[in-house]
Amino acid sequence: MTSGRHARRPISGAVAAEAHRHGHAIPGYAPVTGEPVAPGVGPVLGWLDGDPLPRTELDRRLAALRAGPRAAALPAPGTAEDRQLTRWVAQVVLTEELCAAEAAARGLDPGDAPPVRLDQRAAVELGSIAAAAYEGSAAVRAVYEAVTADVAVTREEADAYRESAARPPAGPVWRLRTPDGAFDAEPGSLPADLAEALGSAVPGQTVTAGPWTATLVARRDPDPDPPVPVRGLLDAARRLAFVRWLDHARAHRLRLVPGLEHPGDPAQPDNHHRH
């Protein structure tokens with residue numbers, strides 16, 4: 001990784017998440033602008049494999065957010081929260097640039113496929129930055145497929161899952177569909193108001209209770225010997241492999257600029273709790 005006065009080593013997704021929860025402001029840390037320049041490039045987003053990346057795309061996306069339908073929900077310009085938003089968007093762009101370079105190096109052709117939508121579980125397992133990059137960039141998705149192509153679920157892993165999930169649900173199971181995806185749930189695991197509304201619904205009916213909206217797809221009795229969801233385990237394993245690959249690639253190929261650190265970096269001044 002290229003070194004220099006502005007170098008700051010990215011941290012892994014797991015460490016970043018922990019830092020985001022427990023990081024605190026660093027006393028005496030000087031304010032930063034996030035706009036160092038490189039000859040012939042101007043304001044720089046960061047360095048990828050030693051080459052400067054222009055900040056243009058970051059500024060374009062931030063401007064689009066400010067002009068978009070959810071602008072009123074964004075933090076006020078100039079605040080710590082606004083700087084954290086800038087850092088978050090910067091990391092999404094850097095992830096896309098990294099994967100675009102990787103796709104080119106591997107001879108992949110991402111094409112111009114439109115954005116996709118991950119379900120809630122996948123988004124959580126990837127982390128918000130990688131999930132946003134995956135949803136919006138065909139290059140990220142192409143690299144994901146290439147990096148995780150050889151991932152497999154072993155018999156030992158499947159058996160371990162079966163053992164850990166051996167206790168069947170105590171009651172009926174409802175198949176539900178929500179804006180975040182479809183899933184199975186026991187009525188007792190749902191918010192009481194939503195469970196009550198779904199209790200009198202017929203399959204195919206959509207109900208709303210407070211802030212929750214769900215469609216009842218089907219009801220079934222619990223399976224005393226549920227099959228191992230091999231596909232789900234494989235998808236989870238592939239996401240884990242991709243996150244590990246991405247963390248390693250970020251650490252060794254990206255150099256960040258002050259002000260555009262990972263939002264969970266405990267060394268940057270806006271990562272702190274407020275009590």
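The distance from atom CZ of F183 to atom OG1 of T178, rounded to the nearest 0.5 Å, is 5.0 Å. Separating the OG1 atom in T215 from the CG atom in L176 is a distance of 8.5 Å, to the nearest 0.5 Å. The OG1 atom of T95 lies 6.5 Å from the CD1 atom of I129; values are rounded to the nearest 0.5 Å. Once rounded to the nearest 0.5 Å, the distance linking CG of L62 with CD of E57 reads 9.5 Å. Remark: L254 CG to W47 CH2 distance equals 11.5 Å, nearest 0.5 Å. To the nearest 0.5 Å, atom CD of residue E81 and atom CG of residue D270 are 8.0 Å apart.
Residues Y134 and V140 come closest through the heavy atom pair CA-CG1, 3.6 Å. Taking each heavy atom of G111 and A138 in turn, the nearest pair found is O-CB, 4.0 Å. Here the closest non-hydrogen pair linking V147 and A241 is CG1-O, 4.5 Å. Closest of all the heavy-atom pairs between L190 and A185 is CD2-CB, 3.9 Å. Nearest approach of S200 to R219, heavy atoms of both residues: N-NH2, 4.3 Å. The minimum heavy-atom distance linking V207 with A201 is given by the pair CG1-CB, 4.0 Å.
When atom types are taken as modelled, the side chain of S137 and the backbone of A139 share a donor-acceptor pair closer than 3.5 angstrom. Using a distance-only test at 3.5 Å, with no hydrogens or angles considered, no donor-acceptor pair links the side chain of E145 to the main chain of T148. Distance alone, capped at 3.5 Å, is enough to place a donor-acceptor pair between the Q205 side chain and the V202 backbone. Not one N or O on the side chain of D193 forms a donor-acceptor pair closer than 3.5 Å with the backbone of A209. Q120 places no side-chain N or O within donor-acceptor distance of the main-chain N or O of P179, the cut-off being under 3.5 Å. With hydrogens and angles disregarded, a donor-acceptor distance shorter than 3.5 Å links the side chain of R141 to the backbone of E135. In this structure, the side chain of R253 does not engage the main chain of D49 through any donor-acceptor pair within 3.5 Å. Remark: the backbone N or O of G78 is paired with a side-chain donor or acceptor of R83 at under 3.5 angstrom.
Taking a 6.0 Å sphere around CZ of R121, one finds it holds 12 or fewer heavy atoms contributed by other residues, nucleotides or ligands. Annotation: R61, atom CZ; neighbour count of heavy atoms from other residues, nucleotides and ligands within 6.0 Å is above 12.
V37 is not listed as a side-chain neighbour of V44, based on a closest heavy-atom distance of 4.5 Å or more. A heavy-atom distance below 4.5 Å is found between the side chains of R66 and P77. Taking the side chain as every heavy atom from C-beta outward, L194 and T208 never approach each other to under 4.5 Å. Side-chain contact check for D51 versus L48: every heavy-atom pair is 4.5 Å or farther apart. Counting heavy atoms from C-beta outward, L198 and W174 have side chains that approach closer than 4.5 Å.
Salt-bridge check for D247 with R244: failed, with every basic side-chain N at 4.0 Å or more from each acidic carboxylate O. R238 has no carboxylate O lying under 4.0 Å from a charged side-chain N of E125, or vice versa, which leaves the two without a salt bridge.
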Test side-chain contact (heavy atoms from CB on, under 4.5 Å) applied to L126 and V243, step by step:
CA-CA 6 Å; L126 285 174; V243 168; 4.0 Å; yes

Yes or no on side-chain contact (heavy atoms from CB on, under 4.5 Å) for L260 and R55, after CA distance, side-chain angles and deciding distance?
CA-CA 10 Å; L260 296 180; R55 186 187 162 109; 3.8 Å; yes

Begin from the C-alpha positions of T79 and D82 and carry the test side-chain contact (heavy atoms from CB on, under 4.5 Å) through to its verdict.
CA-CA 5 Å; T79 62; D82 179 55; 3.5 Å; yes

Decide side-chain contact (heavy atoms from CB on, under 4.5 Å) for L98 and L246; before the verdict, give the C-alpha distance in whole Å, the side-chain angles of both, and the deciding distance to 0.1 Å.
CA-CA 9 Å; L98 171 62; L246 190 57; 3.9 Å; yes

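Tested against L58 for a side-chain contact (heavy atoms from CB on, under 4.5 Å), the candidates L53, V92, T86, L94 yield a single pass: T86. The salt bridge (Lys or Arg N to Asp or Glu O under 4.0 Å) test with E261 singles out one residue from R250, R255, R87, and that residue is R87.
Under the 4.5 Å side-chain heavy-atom criterion for ILVMFWY residues, a single connected hydrophobic cluster contains both L74 and V89. W88 and V124 sit in two unconnected hydrophobic clusters of ILVMFWY residues. Membership requires side-chain heavy atoms under 4.5 Å apart, directly or through other members. Under the 4.5 Å side-chain contact rule for hydrophobic residues, L240 and V143 do not share a cluster.
In the model, Q84 has a side-chain atom that pairs as donor or acceptor with a side-chain atom of Q268 under 3.5 Å.
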